[in-house]
Amino acid sequence: MSNTISQNALFDVAARFQIGGTLDRVEPFGSGHINDTFLVQSVGEGVQLSVLQRINPMVFPDAAKVMRNVRLITESLSNVPMGEGRECLRLIPTTSGGYSFEDADGATWRMYHFVESSVSHDTAASPSVAREAARAFGVFQRTLMDFDAGQLVETLPDFHNTPARYRQLLDAAQRNPLGRLAQCLDEFNFIRARSESLDCLVRLQEKGAAPVRVTHNDTKINNVLLDMVTGAWKCVIDLDTVMPGLSLYDFGDLVRTATATAPEDETDLTKMDVDLSLFEAVAMGYVEEVGVRLTPAEQEYLVESGRIITLETAMRFLGDYLNGDVYFRVHRPNHNLERCRAQLALVERIEERRGELQRIVESALHDSRRSR
Ligand code: ADP
Ligand code: GN1
Ligand code: MG
């Protein structure tokens with residue numbers, strides 16, 4: 001979509017928001033799979049940057065509810081001091097006083113202040129990047145522990161309900177609308193062979209062993225901005241999926257994206273592994289911030305959450321491949337299948353290294369108890 005919107009249309013939308021100066025440039029920005037994101041440059045007394053986003057209406061049919069959640073969370077976080085150099089996303093109001101603008105096609109747009117001097121990473125190049133990302137999401141979760149999750153609308157019901165995601169995959173395979181199932185039988189069977197274990201997080205919730213908290217639900221590493229100079233975490237972004245959820249969803253997605261040795265869509269599967277020093281950094285960073293607040297079951301299932309969320313994401317990519325690439329933005333034919341394969345390779349590596357990963361988690365938990 002981002003490359004089919006004309007410059008004039010983008011300027012018209014950007015002008016609906018209260019940015020100072022004269023609009024100068026609007027360009028596609030970032031590597032998110034869902035929304036259309038643009039960097040807006042305006043020139044007044046100095047150069048000002050803002051981030052304009054068109055909320056994906058296919059993914060979020062009720063954008064007003066998404067914006068309500070985002071406003072509640074940004075307002076709540078803005079009242080909590082995050083520490084030197086840290087910030088939370090800040091919405092820019094529209095010229096008519098709200099925080100979003102609906103275009104003639106019914107799509108909703110919003111604008112954020114650009115987080116200056118920051119970078120986002122698609123993979124963790126070093127343990128310090130992994131640790132900072134984990135700390136950022138740990139602080140995010142801890143800060144929102146007193147926020148009443150009941151205030152938030154579940155805009156994407158069953159977002160991390162892994163058995164429900166599996167049923168959606170089975171349905172896509174059965175319908176097989178484009179006849180693509182023959183191209184992905186190995187991947188489909190790999191997932192099917194693991195179907196018995198898919199309900200483990202859901203069961204923890206049902207038993208009350210893992211409480212429902214306010215979670216981010218999309219803690220992939222490029223959803224945290226790090227300081228360009230110091231490398232310290234600066235801002236948690238992409239708040240559209242903040243909903244009631246389990247802490248293990250957030251830890252699991254961190255494992256998937258911040259401990260992997262290769263990008264999410266790596267085609268050379270020999271490059272994909274879970275890096276033990278990145279994993280240690282993620283475990284330490286997260287446990288430092290929230291470890292002592294986690295229940296025994298949450299602590300026990302940290303490693304398993306990484307495996308489950310990686311498998312769940314692979315199922316979602318495969319389902320979208322079968323359905324004709326209608327959900328995740330793709331950049332080449334078979335992109336979703338390639339993403340699925342890379343995620344399944346990571347699942348296998350996590351399974352092989354389960355014992356070592358468990359020891360790392362236990363040691364991080366042990367250290368955090370001692371330092372209390
Ligand atoms: P998506 O839902 O499509 O993933 P995101 O909200 O994550 O969209 O934004 C896409 C990318 O844009 C991010 O990965 C980040 O690089 C960049 N980005 C988003 N918001 C900001 C911001 N306020 N300041 C700086 N960069 C941002
Ligand atoms: C999407 O929006 P983005 O690119 O940060 C997706 C996540 C997936 C991720 C896989 C709302 O995240 O759930 O884990 O792609 N977001 C939504 O890369 O579905
Ligand atoms: Mg994102």
Side-chain angles (χ1 to χ4, degrees), residues 1-2 17 19 27-41 48-61 63 66 69-70 74 87-92 109-123 133 137 154-162 165 168 215-228 234-243 245 249-250 252-258 260 263-266 306 308-320 325-331 335-336 338-340 342-343 346:
M1 181 82 196
S2 50
F17 292 84
I19 38 178
E27 289 169 352
F29 188 57
S31 54
H33 296 341
I34 302 296
N35 294 319
D36 290 302
T37 303
F38 303 88
L39 187 63
V40 175
Q41 182 173 302
Q48 191 195 317
L49 297 174
S50 324
V51 174
L52 176 66
Q53 287 186 314
R54 175 183 180 272
I55 300 177
N56 184 329
M58 214 282 290
V59 173
F60 298 105
V66 173
N69 284 355
V70 169
T74 50
E87 50 190 279
C88 68
L89 275 180
R90 283 177 302 141
L91 287 161
I92 298 179
W109 295 76
R110 54 130 187 266
M111 195 180 263
Y112 287 118
H113 286 275
F114 181 75
V115 178
E116 298 285 346
S117 182
S118 66
V119 276
S120 71
H121 300 263
D122 290 336
T123 51
F137 287 115
E154 217 177 333
T155 46
L156 300 171
D158 290 331
F159 190 61
H160 281 301
N161 181 330
T162 319
R165 293 292 189 183
Q168 287 162 9
T215 46
H216 184 283
N217 296 307
D218 189 2
T219 56
K220 79 175 178 187
I221 190 167
N222 69 16
N223 285 331
V224 58
L225 302 177
L226 304 185
D227 188 295
M228 207 178 251
K234 206 167 166 61
C235 187
V236 166
I237 60 166
D238 206 345
L239 304 177
D240 296 336
T241 52
V242 178
M243 287 181 287
Y249 303 155
D250 284 0
D253 209 29
L254 269 167
V255 172
R256 179 180 82 79
T257 59
E264 180 182 72
D265 57 357
E266 176 62 59
I308 293 287
I309 296 297
T310 309
L311 195 50
E312 180 188 281
T313 310
M315 294 194 288
R316 294 176 62 199
F317 286 144
L318 192 60
D320 198 31
D325 309 312
V326 291
Y327 186 97
F328 297 104
R329 179 176 298 120
V330 288
H331 302 291
H335 202 169
N336 273 318
E338 289 166 3
R339 288 169 174 154
C340 166
Q343 297 307 291
L346 183 58

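Atoms within a ligand are numbered from 1 in the order they appear, just like the ligands themselves.
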- Message: For Arg329, state whether at least one heavy atom is located under 4.0 Å from any atom of ligand 1.
- Response: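 For ligand 1, residue contact (heavy atoms, under 4.0 Å) with Arg329 is absent.
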
Polar side chain donor-acceptor pair, [X] to [Y], under 3.5 angstrom:
{"X": "Asn35", "Y": "Thr37", "value": "no"}
{"X": "Thr310", "Y": "Gln343", "value": "no"}
{"X": "Ser31", "Y": "Asp122", "value": "yes"}
{"X": "Gln48", "Y": "His113", "value": "no"}

Any idea which protein heavy atom is nearest [atom], and the distance to it?
{"atom": "atom 14 (O) of ligand 2", "answer": "Arg256 NH2, 3.5 Å"}
{"atom": "atom 1 (C) of ligand 2", "answer": "Ile34 CG1, 3.7 Å"}
{"atom": "atom 19 (O) of ligand 2", "answer": "Tyr327 OH, 2.5 Å"}
{"atom": "atom 12 (O) of ligand 2", "answer": "Asp218 OD2, 3.1 Å"}

Which segment of [X] sits under 4.0 Å of ligand 2 when only heavy atoms are counted:
{"X": "Asp240", "answer": "neither"}
{"X": "Tyr249", "answer": "neither"}
{"X": "Glu312", "answer": "neither"}

- Describe, in one word, how the ring planes of Tyr249 and His160 are oriented to each other, choosing from parallel (under 30°), tilted (30 to 60°) and perpendicular (over 60°).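 Aromatic pair Tyr249/His160 classed tilted.
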
- Query: When the ring planes of Phe29 and Phe114 are compared, do they come out parallel, tilted or perpendicular, using 30° and 60° as the limits?
  - Reply: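 If you compare the ring of Phe29 with that of Phe114, the planes turn out tilted.
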
- Query: For atom 9 (C) of ligand 2, which of Arg329, Gln343, Lys220, Arg339 has the closest heavy atom?
  - Reply: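 Closest candidate by heavy-atom distance is Lys220.
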
Taking distance alone, with no angle check, do [X] and ligand 1 share an N/O pair under 3.5 Å?
{"X": "Val115", "result": "yes"}
{"X": "Tyr112", "result": "no"}
{"X": "Asp240", "result": "no"}
{"X": "His113", "result": "yes"}
{"X": "Asn223", "result": "yes"}

- Proximal heteroatom of Asp238 relative to the Mg ion (ligand 3) (N/O/S):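 Closest to the Mg ion (ligand 3) among those atoms: OD2.
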
Please check whether [X] reaches ligand 2 - meaning an N/O of the residue sits under 3.5 Å from an N/O of the ligand, judged on distance alone.
{"X": "His33", "value": "yes"}
{"X": "Glu264", "value": "yes"}
{"X": "Arg316", "value": "yes"}

Just so I know, are the side chains of [X] and [Y] near enough to count as touching, which here means a heavy-atom distance under 4.5 Å?
{"X": "His335", "Y": "Phe328", "value": "no"}
{"X": "Asp218", "Y": "Lys220", "value": "yes"}
{"X": "Thr123", "Y": "Ile221", "value": "no"}

- Does any N, O or S atom of Asn223, backbone or side chain, fall under 2.8 Å from the Mg ion (ligand 3)?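 Under 2.8 Å: Asn223 contacts the Mg ion (ligand 3) through an N, O or S atom.
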
- Using 2.8 Å as a strict upper limit, say whether an N, O or S atom of Asp218 approaches the Mg ion (ligand 3) that closely.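 No N, O or S atom of Asp218 is closer than 2.8 Å to the Mg ion (ligand 3), so no.
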
So if I count the atoms of ligand 2 from 1 in the order they appear, which ones are less than 4.0 Å from some heavy atom of [X]?
{"X": "Asn223", "result": "5 (O)"}
{"X": "Thr241", "result": "11 (C)"}
{"X": "Asp238", "result": "2 (O), 3 (P), 5 (O)"}
{"X": "Phe328", "result": "6 (C), 15 (O)"}

- Nearest atoms (heavy-atom pairs only) where Val236 meets Leu89: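 Shortest heavy-atom contact: O-CG, 3.9 Å.
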
- Nearest non-hydrogen partners of Ile34 and Asn56, listed with the distance: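 Looks like O-ND2, 3.0 Å.
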
